Amino acid sequence: MKDQYGRKIEYMRVSVTDRCNLRCIYCMPETGICCVSHEEILRFDEIERVCRIAAGLGISRIKLTGGEPLVRRGLPSLLGMLKKIPGIEQVTLTTNGILLKEHMAELAANGLDAVNISIDTLDEEKYRRVTRGGDLRRALEGLEAALACPGLRVKINCVPLADADPSDWISLAELAEKRSVDVRFIEMMPVGLGRQFAGTERGQIIDTLEGKFGAARIYRGERPGNGPAEYLTFPGFAGKIGFISAMTHKFCSTCNRIRLTPEGYLKACLQYDTGADLRKMLRGGSTDEELRSVMEKVIYEKPACHHFEEQGREEEEDSHIEKKEMARIGG
Ligand code: SAM
Ligand code: SF4
């Protein structure tokens with residue numbers, strides 16, 4: 001369906017857990033994490049019901065995310081349930097890749113359409129530091145398992161920090177040079193702990209990559225995904241280089257997404273906590289029609305745009321600014 005600004009809303013990010021097996025410095029605190037209890041998290045049948053109703057409202061693509069979605073037991077079976085919903089054309093996954101190798105076959109058997117793997121650096125020591133203890137080799141094993149899956153679209157997501165070494169961007173881009181994988185650089189957003197970190201402007205990354213690989217061209221082919229990434233191609237590359245720059249190249253006017261948090265809260269914009277508590281309705285005996293009407297209202301009233309760039313002023317004035325960390329919302 002279309003929202004009040006005429007945007008076609010067709011993509012839902014479904015966060016299945018707020019838990020994670022890593023502690024990326026810009027996403028999760030090292031200690032003192034207060035996880036949502038198991039009873040508070042939506043059960044698979046509840047997620048399936050919300051997705052079925054969402055499909056009736058025009059959602060055709062679902063991304064499973066978290067926290068780390070693969071720490072939620074039985075995730076491949078949820079994937080299988082969602083793939084059977086009429087109207088759902090694609091179900092994809094965003095993961096840190098640590099548990100991907102062991103789950104890849106089952107995910108593929110349940111019809112996974114694409115996977116995004118978050119790897120911020122190919123330097124083992126830096127990876128350990130950014131993820132607070134993660135083992136890069138396991139994420140790379142996950143990447144290899146995904147690449148070995150026939151027909152699976154694979155992307156790598158990197159959130160470059162302001163103090164990143166440009167050689168990190170070159171090493172990541174080399175993956176797209178040699179392998180059939182798109183590498184995307186995602187601008188840091190001031191959500192949760194992300195407020196404490198500065199990101200890197202895409203121009204700086206493009207200059208570095210052009211210095212190494214030659215002049216880039218804007219990719220004007222079919223959009224390889226659900227989202228707002230803008231892609232470049234470099235001479236001789238097997239994959240593309242993408243940029244998702246929510247701050248410096250705002251894409252709200254074409255935003256097509258809504259989000260379902262692990263606790264079953266339907267959110268229409270990353271920055272605002274406005275939306276609807278669907279869990280209360282699911283567990284309170286609401287009918288599908290009642291759920292549909294509430295979801296329809298959330299979609300219709302999706303805010304025009306985020307105001308992250310006005311953060312300081314906004315927070316004082318607007319009590320609806322989202323306070324949760326990225327892993328609690330579903331990044
Ligand atoms: N654990 C999975 C993963 O890392 O891919 C899925 C959840 S994670 C929150 C999804 C993506 O959000 C990751 O690529 C992560 O780097 C990104 N992310 C987390 N905090 C962010 C922030 N403040 N700004 C931009 N991206 C962020
Ligand atoms: Fe976990 Fe993903 Fe957040 Fe890193 S970015 S802490 S892997 S949820």
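Whatever order the structure lists ligands and atoms in, that order sets their numbers, starting from 1. Bear in mind that the values here come from a model prediction, so they are computed numbers and not experimental data.
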Under-4.0 Å heavy-atom contact with ligand 1, by part of Thr95 that carries it: backbone
In terms of side-chain geometry, is the basic nitrogen of [X] or [Y] positioned less than 4.0 Å from the acidic oxygen of its partner?
{"X": "Lys83", "Y": "Asp113", "value": "yes"}
{"X": "Glu46", "Y": "Arg283", "value": "yes"}
{"X": "Asp273", "Y": "Lys267", "value": "no"}
{"X": "Arg138", "Y": "Glu102", "value": "yes"}
{"X": "Lys155", "Y": "Asp182", "value": "no"}
{"X": "Glu187", "Y": "Arg202", "value": "no"}
{"X": "Lys297", "Y": "Glu301", "value": "yes"}

Any non-hydrogen side-chain atom of Ile258 less than 4.5 Å from a side-chain atom of Leu266? yes
Would you say Leu172 and Thr121 make side-chain contact, with heavy atoms under 4.5 Å? no
Ignoring hydrogens and angles, state whether a donor on the side chain of Glu68 or Thr95 is under 3.5 Å from an acceptor on the partner side chain. yes
Would you say Arg184 and Tyr231 are linked by a side-chain donor-acceptor pair, where the criterion is simply a distance under 3.5 Å? yes
Numbered atoms of ligand 1 (with element) below 4.0 Å of [X], judged on heavy atoms:
{"X": "Thr65", "value": "6 (C), 7 (C)"}
{"X": "Gly194", "value": "23 (N)"}
{"X": "Gly66", "value": "7 (C), 9 (C)"}
{"X": "Glu187", "value": "25 (C)"}
{"X": "Asn96", "value": "2 (C), 3 (C), 5 (O)"}
{"X": "Val159", "value": "16 (O), 26 (N)"}

Can you confirm, on distance only, whether ligand 1 has an N/O atom lying under 3.5 Å from any N/O atom belonging to [X]?
{"X": "Met189", "value": "yes"}
{"X": "Tyr26", "value": "yes"}
{"X": "Thr94", "value": "no"}

Closer than 4.0 angstrom: is that true for some heavy atom of Cys158 and an atom of ligand 1? no
Show the numbers, then the answer: is there a salt bridge (charged side-chain N to carboxylate O under 4.0 Å, His left out) between Asp288 and Arg52? CA-CA 9 Å; Asp288 281 4; Arg52 190 163 33 78; 3.4 Å; yes
Using heavy-atom distances, let me know which of Pro69, Gly67, Ser118 sits nearest atom 5 (O) of ligand 1. Ser118
Tell me, which protein N/O/S atoms are under 2.8 Å away from atom 3 (Fe) of ligand 2? Cys27 SG
